[in-house]
Amino acid sequence: MTNLKNLRGMVDLLPAQIDYWQKVESIARDHFSRAGLEEIRTPIIEQTELFLRGIGENTDVVGKEMYTFEDRGGRSCTLRPEGTASVARAILQNGLLNNGPQRLWYGGPMFRYERPQAGRQRQFHQIGVEFVGFDSVISDAEVISIAWDFLCALGLNDLTLELNTLGSNEDRHSFKEKLKDWLNQRFDLLDEDSQKRINVNPLRILDSKNIAIKKLLCEAPSLSDFLSKESKNRFDFLQELLNNLNIPYKINKNLVRGLDYYSHTAFEITSDHLGSQATVCGGGRYDGLIADLGGPKTPSIGWAIGMERLIILTKDRISHSKFPDAYVINRGQNAQQVALKITRKLRSDNFRIELDYSGSSFSKQFKRADKSGAKLAIVIGEDEVSKGQLMIKQLRDDEKEKGGKEYICSIEELNQLISKLIV
RNA sequence: GCGGGCGUCGCCAAGUGGUUAAGGCAGCGGCUUGUGGCGCCGCUAUUCGGGGGUUCGAAUCCCCUCGCUCGCCCCA
C-alpha cells in the first residue's frame, strides 16, 4: 500500500457507492425544482470574517471547528463549515434581493475540523434550502414541508420532526437575563461546560445532554413564558399549518440549535438509525443574519440536510442496476476495427455498450461478457468480418439452459435486433 | 480536545516468539488460440500501518507514532 493517504476525516466516494449519491441528488433536484426553487453555487472558501459575523464567535463551529488558513496574500480564508452564510453573502453581493425575495437551494462539501465518527466527517456534504426575504408563517410551513416531503420521497417514513420557537431577539434577551440569574443561583450544581456557558451562551445549557443538568432544568424558567404575543401567535399558527398538512411533529422546548443566527422557528429531523449523530436535517428562521452581514433587515428561513447521513438511511432502499445492454467481443485486428466502430455507433444510438480490449480468447471474453451483466454479447471475429456480418448471443434469457440463442445479422440490422432483444 | 476497541494481499480473515506468513472471495493465466454461467489446475503479501527497541530469532513482547472505528462534546 502507498504511504500517501487521504487526510483524516476526508472520504473517497468510490464507484460502488456513487449510484446512491446520484439517485438522491436527482430526486432532490427534481423535488426542489417542482417547489419552484433555484439552485445557487457559491465558493467553498470565504473570508474568515464572513463566518465570524454570520455564525457567531461563541459557537463551537467557529470557536474550534473551522479550517482557517492564510493565503499567499496574507488574507485569512476559511473552508466553509456550512452553507447559509455564503448564500446570504452571495445574495447581498449580487443584489439578488432587488428582484424580490429568493427561494434557493444549494449542495456541496462543507468542512469542520472535528473528530470523525459514525455519521460525521471533516469533509461532508450538505444539501440545503434558503428562503430569503419571507416573513410569513406559511413560508415556515412550506420550508419544513419541502424537507419533510423530500425525505418521504426517498422512502424514509420513521423520522421525527422536532419543533421549537426561539422567539424574537427581544423575547430571547429578557429570557436570557432571567435564565442567567436562575443558573447563577445554582452555579455549584452545574457541570463545567454549563458553568462556562452561563455568560457566553446560556441558551445552549438548555440543550445539555448531561442527565443531572437535564433534571435540574425541569425547574428552570422557560422561554415559552417570555414569548411576546406575536411570537406565540406565530408558533401556534405554524403548528396549525403543519397539522393541516398532516406533517407529524414533536415540540421540543430544549431544541436550541448551535448557530447564533436563529430566531423564532427552529427544527430538526432525526432518525433512530444513525447512531449518536441522529440529526439528518436541521434548520430554522434567521431573521437577523442578512442585516448582521450589512444588508437590509431580511427575514429568512432555511435548513440543511447531511448527505452522508441521508445516504446511510436510504442505502438499502435504492437499487442500482447499471448493466450494459451489450458486450462487444472481438478478436483480430480487422475485427477490432469493426468492433470499435459499431461500439461508437450503438452508443450514439443510446445503447449502453462495453467493449473488450483484451484480444484474449473467445472463451475469456465470453466470461467477461457474462460477468459484466450485459444482456447480449456481440461477437466479431475474422469470420464475421469476411462475411460482413455480426453475431449476437443472448446471455441471460435462460439462466438454467446451457448456451443462449444466437443470431446472425448485418451491421445495418444491428440496431433493430438489439432493441428487440433487450426488452 | 477527551475516553474505549482495532490495524496481517483489493475484500473477508488464520496465525499470539522458532526454518518457506493458512484459507476463502475477487483478479490474472490455463484446461477450452470461436463460445459464458459449473468444475479443475496454476499464479498473485521477501512481509504483517510506520519507526525504534528487547531477543540467537518477532506479525506475535515493549516504547513511540500514524490511521481506522465507536462514544463524549457538538452538529448535518
Side-chain angles (χ1 to χ4, degrees), chain A residues 1-11 14 16 55 59-65 81-84 107-128 147 191-194 196-197 201 204 207-210 255-259 268-271 274-283 302-313 327 329-332 335 356 358-374 376-385 391-404 406:
Chain A
M1 203 201 298
T2 344
N3 39 12
L4 251 33
K5 290 183 178 169
N6 60 351
L7 256 15
R8 168 162 237 203
M10 308 286 167
V11 174
L14 302 175
I55 300 175
T59 60
D60 280 10
V61 169
V62 170
K64 54 185 203 193
E65 295 170 4
E82 55 106 46
T84 303
M110 307 293 165
F111 302 83
R112 259 122 97 157
Y113 194 91
E114 295 182 89
R115 191 88 170 252
Q117 68 184 74
R120 173 192 287 162
Q121 299 162 191
R122 288 184 173 179
Q123 176 177 338
F124 62 104
H125 297 79
Q126 285 185 337
I127 194 158
D191 61 1
E192 206 181 322
D193 270 347
S194 301
K196 264 190 246 163
R197 282 191 187 131
N201 198 344
R204 280 264 303 286
D207 206 16
S208 172
K209 266 72 177 181
N210 184 320
L255 178 65
V256 173
R257 310 210 34 79
L259 312 181
E268 265 181 27
I269 299 174
T270 59
S271 164
L274 285 173
S276 69
Q277 307 304 324
T279 306
V280 205
C281 173
W303 51 253
I305 283 177
M307 282 292 284
E308 281 77 4
R309 293 181 188 176
L310 195 53
I311 301 287
I312 292 171
L313 294 175
Y327 189 98
I329 291 173
N330 60 91
R331 203 164 154 72
D356 196 297
S358 69
S360 50
S361 71
F362 279 97
S363 169
K364 279 286 166 240
Q365 295 196 47
F366 268 103
K367 262 183 189 150
R368 266 182 234 116
D370 185 60
K371 207 158 279 172
S372 78
L376 303 173
I378 299 172
V379 184
I380 309 164
E382 295 301 341
D383 293 356
E384 283 77 10
V385 174
M391 197 189 85
I392 296 181
K393 180 169 180 175
Q394 270 190 325
L395 293 176
R396 43 205 81 251
D397 53 344
D398 263 322
E399 294 283 339
K400 282 165 197 138
E401 292 277 324
K402 255 220 149 134
E406 294 180 358

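Proteins come first, then strands; the chains are lettered A, B, ... in the order of their sequence lines, and each starts at number 1. No hydrogens, no waters, no symmetry mates; every other heavy atom, side chains included, goes into these values.
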Taking only residues two or more places apart in sequence, or in another chain, which ones meet [X] in a side chain to side chain donor-acceptor pair (under 3.5 Å)?
X	result
A:E268	A:R257, A:T279
A:S271	none
A:S194	A:D191

For a quick check of understanding: with a heavy-atom distance under 4.0 Å over all strands, which category does [X] fall into, base, sugar-phosphate or nothing?
X	answer
A:Q365	nothing
A:M391	base
A:G9	sugar-phosphate

| message | Taking the cut-offs as 6.0 angstrom to the six-membered ring centre and 45 degrees off its axis, would you call A:R122 and A:F111 a cation-pi pair? | response |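 No; the conditions do not both hold, so A:R122 does not lie above the ring face of A:F111.
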### Query
What distance, rounded to whole Å, do you find between the two P atoms, one in B:A22 and one in B:U47?
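Rounded to whole Å, the distance is 15 Å.
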- Quick one: is A:K367 getting a side-chain N or O under 4.0 Å of the B:C28 phosphate, OP1 or OP2?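 So the side chain of A:K367 is outside the cut-off, no N or O lying under 4.0 Å from OP1 or OP2 of B:C28.
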Nearest to the side chain of A:S363, which nucleotide is it out of B:G34, B:G36, B:U69?
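Within the option list, the nearest is B:G36.
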So, A:F362 and B:U35: ring centres less than 5.5 Å apart, planes less than 30° off, yes or no?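 Not stacked by the 5.5 Å and 30° rule.
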Pair listing, salt bridge (charged side-chain N to carboxylate O under 4.0 Å, His left out) test, anchored in residues 361-372 of chain A, at least two apart |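 Qualifying pairs: A:D356-A:R368, A:D370-A:R396.
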For nucleotides 71-76 of chain B, 5' to 3', base contacts (B), sugar-phosphate-only contacts (S) and non-contacts (-) with protein non-hydrogen atoms under 4.0 Å give BBBBBB
Any residue meeting salt bridge (Lys or Arg N to Asp or Glu O under 4.0 Å) with A:E114, in chain and number order, not counting sequence neighbours:
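Listed in chain order: A:R120.
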